[in-house]
Protein chains: 2
Amino acid sequence: MTIDRDGLRAPYQQLADILRERIASGDIPVGRRIPSHHELEAEFDISRNTIKKALDVLKGEGLLETAPGRGLFVKATPPAEG
Amino acid sequence: MTIDRDGLRAPYQQLADILRERIASGDIPVGRRIPSHHELEAEFDISRNTIKKALDVLKGEGLLETAPGRGLFVKATPPAEG
DNA sequence: CATCATTTGTCCGTATGTATC
DNA sequence: TGATACATACGGACAAATGAT
């Protein structure tokens, strides 16, 4: 997966989509740490700020949890519907 | 191509004509991003707002598509045939 | 405890693009 | 046509927390 800079959807939204899919598919299992800002920056070639924004979206959705000084982890509690 | 400020046709209309021709000729292919306001401003020496107005005309014609905060893109759907 | 490396969070400045008045 | 406000993206700098040494 790559970020399409010329796409209609904003880069941070695209990254959020990609990571959301990785979590949903189990590619990044529950309790696992999300790749660091630096790692994502290298993988997708977008700025840290934009990455942070994408991660912020997922945190807002309750998919990720912050561990101060350690990283972001996939939350055990899924946003159950209903 | 240049904009004739003393012409009967308004500057934004002239610019719209020019860009419409570039799209029709394939000079700016489908899916491609339109040159930025700054680029067009430098090329035709008219204000951003006038440029925006010209772009707006093309959007109204269904030639362009908006990407919020990112740019304008040449639409894949042709307005005439179909 | 001190130091270094890693990682996230926050803020600032700059550039670009759209929308509104 | 011009001026302004808002959204998005990039880059840099600094602070706070953690882990290893």
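Just the heavy atoms: all of them, side chains too, but no hydrogens, waters or symmetry mates, feed the values below. In the text below, chain A, chain B and the rest are named by the order of the sequence lines, each starting its count at 1.
Side-chain proximity of Lys52(A) to the nucleotides dC10(D), dT10(C), dT7(C) is greatest for dT10(C).
Remark: side-chain polar atoms of Thr50(A) are not paired, donor with acceptor, to backbone N or O of Ile46(A) under 3.5 angstrom. No donor-acceptor pair under 3.5 Å is formed between the side chain of Glu65(A) and the backbone N or O of Leu72(A). Of the possible polar contacts, one joining the Gln13(A) side chain to the Ala10(A) backbone as a donor-acceptor pair under 3.5 Å is found.
Across Met1(A) and Phe44(A), no two heavy atoms sit closer than the pair O-CE2, 3.6 Å. Val30(A) approaches Val74(A) most closely through the heavy-atom pair CA-CG1, 3.8 Å.
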**Request:** At under 4.0 Å between heavy atoms, which parts of nucleotides 16-21 of chain D does protein reach? Answer with one letter per nucleotide, 5' to 3': B base, S sugar-phosphate only, - none.
**Result:** -BSS--
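With contacts defined as side-chain heavy-atom distances shorter than 4.5 Å, the pair Thr2(A)/Gln14(A) does not qualify.
Pairing of dT1(D), defined by two Watson-Crick or G-U wobble distances under 3.5 Å, is not identified with any nucleotide.
One donor-acceptor pair, N or O on each side, does fall under 3.5 Å between the base of dG9(C) and the side chain of Arg48(A).
Taking atom CG of Asp56(A) as the reference point, atom C1' of dT8(D) lies 15 Å away to the nearest angstrom. Between the CD atom of Glu41(B) and the P atom of dT16(C) there is a distance of 11 Å, given to the nearest Å. For Ile46(B) and dG2(D), the CD1 to P distance is 10 Å, given to the nearest whole Å. When rounded to the nearest whole Å, the span between CG of Leu64(A) and P of dG9(C) equals 10 Å. Rounded to an integer number of Å, the gap from His37(A) NE2 to dT8(C) C1' is 6 Å.
Residue-to-nucleotide proximity on DNA chain D shows that, of Lys53(B) and Lys53(A), the 5′-proximal contact is made by Lys53(B).
Contacts of Tyr12(A) with the nucleic acid, taken as non-hydrogen atoms under 4.0 Å apart, involve only primed sugar atoms and P, OP1 or OP2.
Here Thr50(A) does not reach the OP1 or OP2 of dT8(D): none of its side-chain N or O atoms lies under 4.0 Å away. Checking the phosphate oxygens (OP1, OP2) of dT18(C), no side-chain nitrogen or oxygen of Lys59(B) falls inside 4.0 Å.
Remark: Arg48(A) does not engage Glu39(A) in a salt bridge, criterion side-chain N to carboxylate O under 4.0 Å.
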